[in-house]
Amino acid sequence: MISVIVAGFNGSMGQKALAMIDQADDLNLVGVYNPHVTDLTPGTYRLDPTVVVANDRAQLPAADIWIDFSLPSGVYANAQFAIDHGIRPVIGTSGMAEDQQVALQRAADAKGLGGIIAANFGVSAVLMMKFAKEAAAYFDHAEIMEYHHADKLDAPSGTALNTAKLIYDQQGYDESNNPQEQDPLGARGGDYHGIKIHAVRLPGFIADEEVIFGGAGETLTLKQSTTDRASFMKGVRIAIDAVMHRQNLVIGLENIL
């Protein structure tokens with residue numbers, strides 16, 4: 001039996017994680033965490049009476065896995081706490097700086113602790129990132145469009161930024177843009193080593209991404225759509241099983257698929 005803590009348990013993704021755990025025969029929810037809750041009674045959240053509801057990490061019990069769907073402002077401290085206490089982190093919250101991710105990798109690796117930080121747990125999104133990296137070997141120019149729900153706090157999305165990183169790593173150089181271009185309104189989007197990223201935030205979307213490659217006389221478009229957050233739980237489950245047998249922390253679900 002694998003014991004699990006869920007941070008950000010009463011958010012939309014946290015609720016999906018709780019449902020996934022409840023349906024699994026080999027997962028046992030032992031604690032949930034949100035620093036903003038004031039009622040610590042499990043029954044208030046329709047949880048088993050044995051589950052610890054915490055608004056202070058020090059209140060939490062020991063566990064095997066820390067699933068994090070919290071907020072960008074708290075995820076780094078959450079992951080640090082998990083690693084310090086020998087809990088394998090499965091981090092789905094985006095917004096961490098690159099140096100923070102590196103620091104968490106070093107801390108987990110030093111303890112021989114498996115873990116993952118994933119920009120996206122959707123299998124279709126992860127495969128799209130893998131395909132984008134492959135395509136980048138044959139195209140010199142790419143732009144990324146990402147579409148998310150209006151309540152998303154960070155932009156660009158972690159998925160879009162990770163896609164840009166994979167493209168840049170494959171190409172090995174900064175993409176060139178028109179030096180005469182004028183963009184007083186910022187309509188050309190964000191810029192990662194010359195790769196433009198455009199973030200759309202509208203009701204009706206959950207999480208979609210499109211990568212467009214352009215070459216002489218041709219374009220290639222890769223696109224994935226998420227219509228239900230429950231789809232992310234397949235990737236979370238894959239991650240849980242993987243980190244239980246690893247001694248290091250990896251960045252990206254694509255590295256364990």
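Note that this is a predicted model, so its numbers are computed, not measured. One is the number of the first residue; the rest follow in order along the sequence. Values below: all heavy atoms of this structure, side chains included; hydrogens, waters and symmetry mates excluded.
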Between [X] and [Y], is any pair of side-chain heavy atoms under 4.5 Å apart?
X      : Y      : answer
Val30  : Ile5   : yes
Asp22  : Leu29  : no
Asp64  : Arg88  : yes
Ile83  : Trp66  : no
Met1   : Leu27  : no
Pro89  : Leu249 : yes
Leu220 : Phe131 : no
Arg57  : Pro35  : no

With a 3.5 Å cut-off and no angle check, do the side chains of [X] and [Y] form a donor-acceptor pair?
X      : Y      : answer
Glu209 : Thr163 : yes
Asp140 : Tyr173 : yes
Glu146 : His198 : no
Thr44  : Asp39  : yes

To the nearest 0.5 Å, what is the distance between [atom1] ([X]) and [atom2] ([Y])?
X      : Y      : atom1 : atom2 : answer
Lys130 : Leu253 : NZ    : CG    : 9.5 Å
Arg229 : Phe232 : CZ    : CZ    : 7.5 Å
Lys196 : Met145 : NZ    : CE    : 13.5 Å
Asn162 : Gln101 : CG    : CD    : 8.0 Å
Asn34  : Tyr45  : CG    : OH    : 8.0 Å
Ile256 : Arg246 : CD1   : CZ    : 7.0 Å

Side chain of [X], backbone of [Y]: donor and acceptor closer than 3.5 Å?
X      : Y      : value
Ser157 : Ala160 : yes
Asn55  : Val37  : yes
Gln15  : Ser12  : no
Ser70  : Gly8   : no
Gln170 : Lys133 : yes
Asp183 : Arg188 : yes
Tyr76  : Gly95  : no
Glu175 : Ala142 : yes
Ser231 : Gly122 : no
Glu181 : Asn178 : no

Report the C-alpha separation of Lys111 and Asp109 in whole Å, then their side-chain angles, then the decisive distance to 0.1 Å, and conclude whether the salt bridge (charged side-chain N to carboxylate O under 4.0 Å, His left out) test is met. CA-CA 5 Å; Lys111 298 188 75 165; Asp109 294 358; over 6 Å; no
Does the pair Ser225 and Asp208 meet the rule for a side chain to side chain donor-acceptor pair (under 3.5 Å), with working shown? CA-CA 4 Å; Ser225 297; Asp208 293 14; 3.2 Å; yes
Do the charged groups of Arg237 and Asp26 touch, with an N to O distance under 4.0 Å? yes
At their closest point, which heavy atom of [X] faces which heavy atom of [Y], and how far apart are they?
X      : Y      : answer
Ile197 : Ala164 : CD1-CB, 3.9 Å
Ala199 : Ala155 : CB-CB, 4.2 Å
His148 : Ala207 : NE2-CB, 3.5 Å
Gln171 : His141 : NE2-N, 4.2 Å
Ser124 : Gln224 : OG-NE2, 2.9 Å
Asn78  : Ala7   : ND2-CB, 4.0 Å

Is there a path of hydrophobic side-chain contacts, each under 4.5 Å between heavy atoms of I/L/V/M/F/W/Y residues, joining [Y] to [X]?
X      : Y      : result
Val6   : Met13  : yes
Leu60  : Val51  : no
Leu113 : Val250 : no
Met20  : Ile87  : no
Phe121 : Leu104 : no

Report the C-alpha separation of Leu18 and Leu47 in whole Å, then their side-chain angles, then the decisive distance to 0.1 Å, and conclude whether the side-chain contact (heavy atoms from CB on, under 4.5 Å) test is met. CA-CA 9 Å; Leu18 295 184; Leu47 298 172; 4.0 Å; yes
Walk me through whether Lys16 and Asp228 qualify under salt bridge (charged side-chain N to carboxylate O under 4.0 Å, His left out). CA-CA 10 Å; Lys16 296 293 186 185; Asp228 189 329; 3.7 Å; yes
If you apply the rule side-chain contact (heavy atoms from CB on, under 4.5 Å), what do you find for Ile67 with Ile65, and how did you get there? CA-CA 6 Å; Ile67 296 176; Ile65 296 288; 3.8 Å; yes
Within 45° of the ring axis of Tyr147 and under 6.0 Å from its six-membered ring centre, is that where the NZ or CZ of Lys223 lies? yes
Aromatic plane relationship, Phe213 with Phe139 - under 30° parallel, 30 to 60° tilted, over 60° perpendicular: tilted
What about the rings of His149 and Phe205, do their centers lie closer together than 6.0 Å? no
Looking only at the aromatic ring of each residue, does the gap between the centers of Phe9 and Tyr33 stay below 6.0 angstrom? no
More than 12 heavy atoms from other groups under 6.0 Å of CD on Glu218: yes
Please report the C-alpha distance between Glu254 and Val123 in whole Å, then the side-chain angles of each, then the deciding distance to 0.1 Å, and finally whether the side-chain contact (heavy atoms from CB on, under 4.5 Å) criterion is met. CA-CA 9 Å; Glu254 65 274 10; Val123 173; over 6 Å; no
Evaluate the criterion side-chain contact (heavy atoms from CB on, under 4.5 Å) for residue pair Leu71 and Val75; output intermediate values, then yes/no. CA-CA 6 Å; Leu71 295 172; Val75 61; over 6 Å; no
